[in-house]
Amino acid sequence: QVQLVESGGGWVQAGGSLRLSCAPSRSTFSIYDMGWYRQVEGKQRELVARIRIDGYTNYTESVKGRFTISRNKARDTVYLQMNSLQPEDTAVYYCNMKSRVREYWGQGTQVTVSS
């Protein structure tokens with residue numbers, strides 16, 4: 001069964017940067033959408049950023065201009081470059097990928113931003 005393996009989370013001071021990465025545990029097929037979600041205590045999981053197979057991207061308003069999503073199609077790998085991090089970005093970040101027949105999720109990686 002395919003699992004998405006995430007890395008790059010951690011603790012940073014406000015204003016710092018982190019880069020998250022995510023790749024399948026084994027080969028997959030026909031991934032057409034990749035994205036990152038986040039969740040904080042007491043709130044629903046929200047979409048942070050996504051990228052389509054054609055390169056189209058969209059972001060939640062609060063991260064525009066600070067976060068950049070990118071991907072390596074050959075490896076089905078997705079990245080999230082997070083700059084100018086703020087305490088409000090503290091959350092567990094989850095990787096997500098979609099194919100025609102499956103939706104895959106990562107286990108989550110903690111991002112903590114201190115003031």
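Everything quoted here is computed from the prediction, not taken from an experiment.
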Same cluster or not: are Val12 and Val63 linked, directly or through other Ile, Leu, Val, Met, Phe, Trp or Tyr residues, by side-chain heavy atoms under 4.5 angstrom apart?
yes

Arg45 and Tyr94: side-chain contact (heavy atoms from CB on, under 4.5 Å), yes or no, with the steps?
CA-CA 9 Å; Arg45 189 173 298 183; Tyr94 296 89; 3.4 Å; yes

Greater than 12 external heavy atoms within 6.0 Å of Gln3's CD
yes

Does Gln13 CD have over 12 foreign heavy atoms under 6.0 Å away?
yes

Tell me which pairs pass disulfide (SG to SG under 2.5 Å) where either residue lies in residues 12-46, with sequence neighbours left out.
Cys22-Cys95

Sequence neighbours excluded, the answer for side-chain contact (heavy atoms from CB on, under 4.5 Å) partners of Ser84 is Arg66

Trace of the side-chain contact (heavy atoms from CB on, under 4.5 Å) decision for Gln81 with Ser17:
CA-CA 7 Å; Gln81 178 67 44; Ser17 298; 4.0 Å; yes

Is it possible for you to say whether Val113 and Leu20 belong to one hydrophobic cluster, with membership spreading through side-chain heavy-atom contacts below 4.5 Å?
yes

Go through the structure and list residues passing side chain to side chain donor-acceptor pair (under 3.5 Å) with Glu88, not counting sequence neighbours.
none

Inspect the surroundings of CZ in Arg19 and state if more than 12 heavy atoms from other residues, nucleotides or ligands are less than 6.0 Å away.
no

Does Arg52 have any salt bridge (Lys or Arg N to Asp or Glu O under 4.0 Å) partners at least two apart in sequence or in another chain, and if so, which?
Asp54

Co-membership, hydrophobic cluster, residues Met97 and Phe67, 4.5 Å side-chain
yes

Which pair of heavy atoms, one from Ser115 and one from Ala14, lies closest together, and at what distance?
CA-CB, 4.3 Å

Side chains of Tyr104 and Ile31, heavy atoms from C-beta outward: is any pair under 4.5 Å?
yes

Tracing side-chain links under 4.5 Å among I, L, V, M, F, W and Y, which residues wind up in one group with Val101?
none

Roughly how far, to the nearest 0.5 Å, is OG1 of Thr68 from CE of Met82?
11.0 Å

Sort and list the pairs that fulfil disulfide (SG to SG under 2.5 Å) and have at least one residue in residues 29-82, not counting sequence neighbours.
none

Which pairs with one or both residues in residues 102-115 pass salt bridge (Lys or Arg N to Asp or Glu O under 4.0 Å), sequence neighbours excluded?
Lys98-Glu103

List the residues meeting side-chain contact (heavy atoms from CB on, under 4.5 Å) with Asn58, not counting sequence neighbours, and say none if there are none.
Leu47, Arg50, Tyr56

Can you name the nearest heavy-atom pair linking Asp76 to Pro24, along with the distance?
O-CD, 3.2 Å

Any residue meeting ring-ring contact (aromatic ring centres under 6.0 Å, His included) with Trp11, in chain and number order, not counting sequence neighbours
none

Hey, are the side chains of Asp33 and Ile53 touching, using non-hydrogen atoms and a 4.5 Å cut-off?
no

Would you give me the side-chain donor-acceptor pairs under 3.5 Å for residues 34-42, sequence neighbours excluded?
{"residue": "Arg38", "atom": "NE", "partner": "Glu46", "partner atom": "OE2", "Å": "2.9"}
{"residue": "Arg38", "atom": "NH1", "partner": "Asp89", "partner atom": "OD1", "Å": "3.1"}
{"residue": "Arg38", "atom": "NH1", "partner": "Tyr93", "partner atom": "OH", "Å": "2.9"}
{"residue": "Arg38", "atom": "NH2", "partner": "Glu46", "partner atom": "OE2", "Å": "3.4"}
{"residue": "Arg38", "atom": "NH2", "partner": "Ser62", "partner atom": "OG", "Å": "3.3"}
{"residue": "Gln39", "atom": "NE2", "partner": "Lys43", "partner atom": "O", "Å": "3.3"}

Is a side-chain donor-acceptor pair under 3.5 Å present for Ser7 with Ser21?
yes

Applying side chain to side chain donor-acceptor pair (under 3.5 Å) to Glu61 and not counting sequence neighbours gives Lys64

Assigning hydrophobic clusters by single linkage (Ile, Leu, Val, Met, Phe, Trp, Tyr; side-chain heavy-atom cutoff under 4.5 Å), is Leu80 placed with Trp105?
no

Please examine the side chains of Leu18 and Leu85, heavy atoms only from C-beta on, and report whether any two atoms are closer than 4.5 Å.
yes

Taking the side chain as C-beta and beyond, is there a heavy-atom pair between Tyr59 and Ile69 under 4.5 Å?
yes

Non-neighbouring partners of Thr77 that pass side chain to side chain donor-acceptor pair (under 3.5 Å), sequence neighbours left out
none

